[in-house]
Amino acid sequence: MDVIKIARRAYAISWLSWLELSNWTNPLIFTIYVLIRPLFTLLLYAYIYVAFAISSGYSNPASAFYMVTGISFYNYIGSGIYGVAWVIHEEREHYRLLKYNYLAVPDLMFYLTSRGLIHYLIGLALSLVTLPIGLWLVSYDLSSLQVNLPLILINLILGYLWCTSLGIMVSAISLFSAEWGPLIAESTGGLLFLVGSVLFPAQSLPWWMQPLVNAIPMREWMELTRFALNPQYPIRADFLLQMEVIKTSLYLLCSFVFFKIMDKLVRMKGYLEATTEH
Amino acid sequence: MRSRITLLLKVAYARAYVRIKGGNREPSWVVWEILLPLLAVASVAYTYMILGAPREYIGFVVIGGAMISYWFNVIWGMGNALYWEKETGNLETFMITPAPLEGLLLGMALGGMFNTTLRALSIVLVGTMAFKASFNPSGLPAAFLIFVLTMVALYSLGMCIASIFLMYSRSGWRAAEVLQEPIMFLSGLYYPISIFPTLIQLLASSIPLTIGMDGIRRSLLLGYNLYDLRFHVISLSVMIPVLAYLAKRMLRYMELRAKVEGRLTLRWM
């Protein structure tokens, strides 16, 4: 395996991703554009806590910590899944590039994995920017944070792996539908937000949603991130980490098999270049 | 003058027809468009329930979830529509026909409003059943009047945004993205804007959606009558002609600039 060749390919694809994302404007406007949405999302959800605190008359630092860490670190996963799952629709419908990229980089799965990289990096940067702002906004004592850097790094890598695998499975489905592509991509992000213990513990969801909660490693990822920021956060970290590793491995395997099958099928049926002109 | 109005209405009808027909031709798509906003509504409703917030907050969330779909329709279905027409090559065809752009946008607005109303009503219905939100039926007439005024003001604002897409393409697309979360926050999507600092309240009050959403909530959740909501009615009534005039001017200006700079047929930029 030629690692240098793979790394150069990944770099070239990430660079394309970066240019597509940013070359419509100058760096200052791009920075503002990138920051505005997560900052206002943070305000939107942090004010839920503020509204609650005002209406009830008392504060709940544990809830504040839970919500702000959830919203902040959702940027990493949300941006990443968007970066991977949106590619098929964008390349096929918007820029009509999919067929050329397919010829240039015959391994579409590798292409999708690399296209997502830059989105994860931006998502991580946004998480790190929004976290202190959010905690300050809900008057949480920042000095009580004790960051467990190794755990954060392991969790970020695991997050990249399972989320990209999920994105690849979603992309494999959207290969078959030009019309449903954006909806599939958007709803995957929305689903992760709902069942991933972002704003509230996923255990509070109805029983019929629990299989879905357990099938996606988002809850483990989110809880471990909170634990990595605050060791007082009451979870069984070892157990959750084991669960996340097992689920991530399963996701990697499933996404590989599923994508290969779908890739073959889509070419057989001749859907690869299907557009809707919608 | 009369023939111009007839032409405008004919164009509006034709565009609205396509939008309604196209938007509802695939039933599974409609279901999806209802379920997608419900994911966000469910997330916030559960959060309020777990925090133990007052019951009326659930009603706030359901109404907010339904109303914000109009904003998304304004920026993506109307503002952004000209970008899509440009990308697919339809815009140049529109421009060489005698069809007025205002008629085209009016059609998009009416068609989009109809489609979004179907989805918004479904969101209210499902949200009410799933989260047991309760509303005050006596507030319906006042809520309806405020709703209509809000829609006219909001879609006039949409015409202003659409004019930007005549001139800009990819950067306009990004601008539309940036208009989502700030408006969601400033309009008080999930809570009353009275919890904001005064300066933010003032800024938020310049957005028709904020006034409309607040008025509808007050009537349907707190039982306010039309007299109690007179300031909402006046504010929206003032906004409508201002935004409509602004939309017309901006559309002309952007069209002219786009023609001069040769941007009407420019794609992927």
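Computed from a prediction, not measured in an experiment: that's the story for all the values here. Worth knowing before you read on, the calculation uses all heavy atoms, side chains too, and leaves out hydrogens, waters and symmetry mates. Chain identifiers are assigned alphabetically (A, B, ...) following the order of the sequence lines, protein sequences preceding nucleic acid strands; residue numbering begins at 1 within each chain.
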Here the gap from B:Leu39 atom CG to A:Leu192 atom CG, rounded to the nearest 0.5 Å, amounts to 10.0 Å
Close side-chain approach of B:Tyr46 to A:Leu199, heavy-atom, < 4.5 Å: no
What residues form a ring pair (Phe, Tyr, Trp, His ring centres under 6.0 Å) with A:Tyr82, not counting sequence neighbours? A:Trp86
Examine whether an atom of A:Ser63 lies under 4.5 Å from a heavy atom of chain B, and if so say whether it belongs to the side chain, the backbone or both; otherwise answer neither. side chain
Is there side-chain contact between A:Tyr47 and B:Phe196, with heavy atoms separated by less than 4.5 Å? yes
What closest approach, in Å, do A:Leu194 and B:Ser43 show between heavy atoms, and which atom pair accounts for it? CD1-OG, 3.4 Å
CG (A:Leu103) with more than 12 external heavy atoms under 6.0 Å: yes
Does anything in residues 182-192 of chain B reach chain A? List residues with heavy atoms under 4.5 Å apart, or say none. B:Pro182, B:Met184, B:Phe185, B:Leu189, B:Tyr190, B:Tyr191
Given that the side chain runs from C-beta out, which part of B:Leu36 has a heavy atom under 4.5 Å from chain A: side chain, backbone, both or neither? side chain
Any side-chain heavy atom of A:Ile36 within less than 4.5 Å of one from B:Glu177? no
Check B:Leu51 against A:Phe52 and note the closest heavy-atom contact, atom names and distance. O-CE1, 2.9 Å
Provide the closest heavy-atom pair for A:Met67 versus B:Thr47 in the form atom of the first, atom of the second, distance. CE-CG2, 3.7 Å
Are the side chains of B:Glu181 and A:Leu44 in contact, using a 4.5 Å heavy-atom criterion? no
Tell me, do B:Val178 and A:Ile32 make a side-chain contact under 4.5 Å, heavy atoms counted? no
4.5 Å side-chain heavy-atom contact, A:Pro201 and B:Ile50: yes
Residue part contacting chain B, namely of A:Pro206, when any heavy atom lies under 4.5 Å: both
